[in-house]
Amino acid sequence: PATNEIYTLSLHDALPISHNSFSLVLKRVESEFLKAKKHAEKAIELDPIQPIFWHNLGNLFLEDLNNIEEAERCYKKTIELNPSYFNAYESLGYLYEFAVKDKERAENNYLKAFDVDPSKERIYHRLSNFYARLNNEDKAEFFYVKLLELNPNAEKGHYNYGKFLQDQKKDYEKAKEHYEKALAINPYYAIAHHNYALLMLYNYQDFDRAEKHLKIAGMYGEEFKNDSFKSQIELLKSIASKGKQLSTNDYNEATLSIEF
């Protein structure tokens, strides 16, 4: 592509920032991960004390090349060069949680990221959802509440808190409140429409509202444009027309297993 040609010419100047930038283009735009690795490593060879170069190489190893050990090494090098590098602690937390399955080290790094910069919304998302996955309801709720204090218009925060309240706390009224806040902020939030619909159906037996929001989810969410979702709509119509509550089998058949 023409983009490659232009960058190749500029790289003759041997500027490390050019190699780093070209690496990101190859990764994000062209999915040329091995070529991206070559340029990321060249940037580090030319300027080995730039934390961002090490962090970008770590992301490449973790996200695209499935090399956990090298990703960990790069993130740790980033922190060695800059002990206040928020993204490196967050990335290490993610690596330990999902790739290594070491919850203790994941928690430690997420909390270090929080200590470095408690003003960043996404660390509240990380910690609240992390503790929710651990079924630590008190800590999860603490960070959900703190996130919404930091930004009352955080649509994802309202959605995730609503899902936590629905699935784990079984506080359906508060779950309803936070789903509605998420949808007021973003009327096109498909997964929030979907979960709100299920709440209306299974916990309030409000068939009309459930059907309405399932249909909206189908309009806006690509993940719901499939046969499973269409069968869910048909099942809902059948249940509503008979005016009966759901049995366990109906619930299992209707519910989509979607992780976000």
Side-chain angles (χ1 to χ4, degrees), residues 7 11 14-136 139-140 142-144 146-147 150 156-157 160 164 258-260:
Y7 265 92
L11 289 178
L15 293 174
I17 191 65
S18 298
H19 284 284
N20 182 70
S21 298
F22 188 37
S23 173
L24 294 175
V25 170
L26 289 166
K27 168 184 163 65
R28 296 172 181 172
V29 179
E30 300 186 11
S31 300
E32 292 277 2
F33 303 126
L34 291 176
K35 288 182 181 178
K37 173 178 171 287
K38 180 181 76 171
H39 286 275
E41 290 173 336
K42 185 66 175 177
I44 289 171
E45 177 189 330
L46 294 170
D47 189 353
I49 63 169
Q50 289 298 327
I52 192 170
F53 295 171
W54 286 96
H55 187 258
N56 288 341
L57 181 58
N59 288 344
L60 189 63
F61 279 124
L62 179 62
E63 298 167 6
D64 307 299
L65 299 175
N66 196 30
N67 190 328
I68 306 307
E69 292 78 12
E70 281 298 296
E72 182 182 20
R73 181 181 72 85
C74 290
Y75 292 145
K76 286 183 174 180
K77 183 65 177 180
T78 305
I79 292 166
E80 177 188 321
L81 293 168
N82 181 358
S84 298
Y85 203 100
F86 173 93
N87 289 354
Y89 289 113
E90 183 188 25
S91 297
L92 269 177
Y94 182 91
L95 179 149
Y96 288 133
E97 182 180 5
F98 294 104
V100 180
K101 312 297 183 185
D102 186 330
K103 304 302 182 187
E104 184 177 350
R105 284 198 287 177
E107 180 182 22
N108 287 341
N109 280 277
Y110 286 147
L111 289 173
K112 285 177 182 176
F114 178 78
D115 288 341
V116 166
D117 191 350
S119 70
K120 288 190 182 293
E121 282 186 37
R122 72 174 189 262
I123 196 59
Y124 292 88
H125 287 290
R126 288 281 190 208
L127 282 164
S128 54
N129 291 333
F130 171 75
Y131 286 122
R133 287 189 287 271
L134 291 182
N135 293 313
N136 189 328
K139 287 186 178 180
F142 173 83
F143 283 103
Y144 284 128
K146 286 296 182 184
L147 166 61
L150 184 68
K156 191 175 180 182
N160 284 331
F164 166 77
I258 299 177
E259 293 266 342
F260 286 86

Handout entry: side-chain contact (heavy atoms from CB on, under 4.5 Å) evaluation trace for K38 with E32
Key = CA-CA 10 Å; K38 180 181 76 171; E32 292 277 2; over 6 Å; no
Exercise for the section: Please report the C-alpha distance between E97 and R133 in whole Å, then the side-chain angles of each, then the deciding distance to 0.1 Å, and finally whether the salt bridge (charged side-chain N to carboxylate O under 4.0 Å, His left out) criterion is met. Expected result: CA-CA 10 Å; E97 182 180 5; R133 287 189 287 271; 2.8 Å; yes
Handout entry: Between Y144 and F164, ring centroids under 6.0 Å
Key =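 Between Y144 and F164, the centre distance is under 6.0 Å.
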Practice task
Give a yes or no on whether the ring-centroid distance for F114 and F143 is below 6.0 angstrom.
Solution key: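 Yes, the ring of F114 comes within the 6.0 Å limit of the ring of F143, centre to centre.
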Between [X] and [Y] (salt bridge meaning N to carboxylate O under 4.0 Å), is one present in this structure?
| X | Y | answer |
| --- | --- | --- |
| R126 | E107 | no |
| K156 | E121 | no |
| E69 | R73 | no |

Problem - CD1 (I52) with more than 12 external heavy atoms under 6.0 Å - result: no
Handout entry: I68, CD1: over 12 other non-hydrogen atoms inside 6.0 angstrom
Key = yes
Practice task
Given side-chain contact (heavy atoms from CB on, under 4.5 Å), test I79 with Y89 step by step and report yes or no.
Solution key: CA-CA 8 Å; I79 292 166; Y89 289 113; 3.3 Å; yes
Say you draw a straight line from [atom1] of [X] to [atom2] of [Y]; how long is it, rounded to the nearest 0.5 Å?
| X | Y | atom1 | atom2 | answer |
| --- | --- | --- | --- | --- |
| L92 | D102 | CG | CG | 11.0 Å |
| L65 | N67 | CG | CG | 7.5 Å |
| K37 | E70 | NZ | CD | 8.0 Å |
| E90 | L127 | CD | CG | 9.5 Å |
| H39 | N20 | NE2 | CG | 11.5 Å |
| R28 | L24 | CZ | CG | 4.5 Å |

Handout entry: Heavy-atom side-chain contact between F53 and S23 under 4.5 Å
Key =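 They are not in side-chain contact.
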Least distance between heavy atoms, [X] atom then [Y] atom:
| X | Y | answer |
| --- | --- | --- |
| A113 | I123 | CB-CD1, 3.8 Å |
| N109 | G93 | CB-N, 3.6 Å |
| S84 | V116 | O-CG1, 3.2 Å |
| K27 | A36 | N-CB, 4.0 Å |
| L57 | E41 | CD2-CG, 4.0 Å |
| L81 | P48 | CD1-O, 3.7 Å |

Exercise for the section: For L134 and K103, run side-chain contact (heavy atoms from CB on, under 4.5 Å): C-alpha distance rounded to whole Å, both residues' side-chain angles, the deciding distance at 0.1 Å, then the answer. Expected result: CA-CA 9 Å; L134 291 182; K103 304 302 182 187; 4.0 Å; yes
Exercise for the section: Quickly, which of L60, L62, N66 forms a side chain to side chain contact (heavy atoms under 4.5 Å, CB included) with D64? Name it, please. Expected result: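 Among the candidates, only L60 passes.
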Problem - Among Y96, Y110, F98, ring-ring contact (aromatic ring centres under 6.0 Å, His included) partner for F130 - result: Y110
Practice task
For N59 and Y75, test the side chains for any donor-to-acceptor distance below 3.5 angstrom and give the result as yes or no.
Solution key: yes
Practice task
Would you check if the side chain of S21 reaches a backbone N or O of S18 as a donor-acceptor pair within less than 3.5 Å?
Solution key: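 No, the answer is negative, given that no donor and acceptor are paired below the 3.5 Å cut-off.
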Practice task
Taking Y94 for its side chain and A106 for its backbone only, find out whether a donor-acceptor pair lies under 3.5 Å.
Solution key: no
Exercise for the section: Identify the residue among R122, H55, K120 that makes a side-chain hydrogen bond (donor to acceptor under 3.5 Å, both in side chains) with N87. Expected result: R122
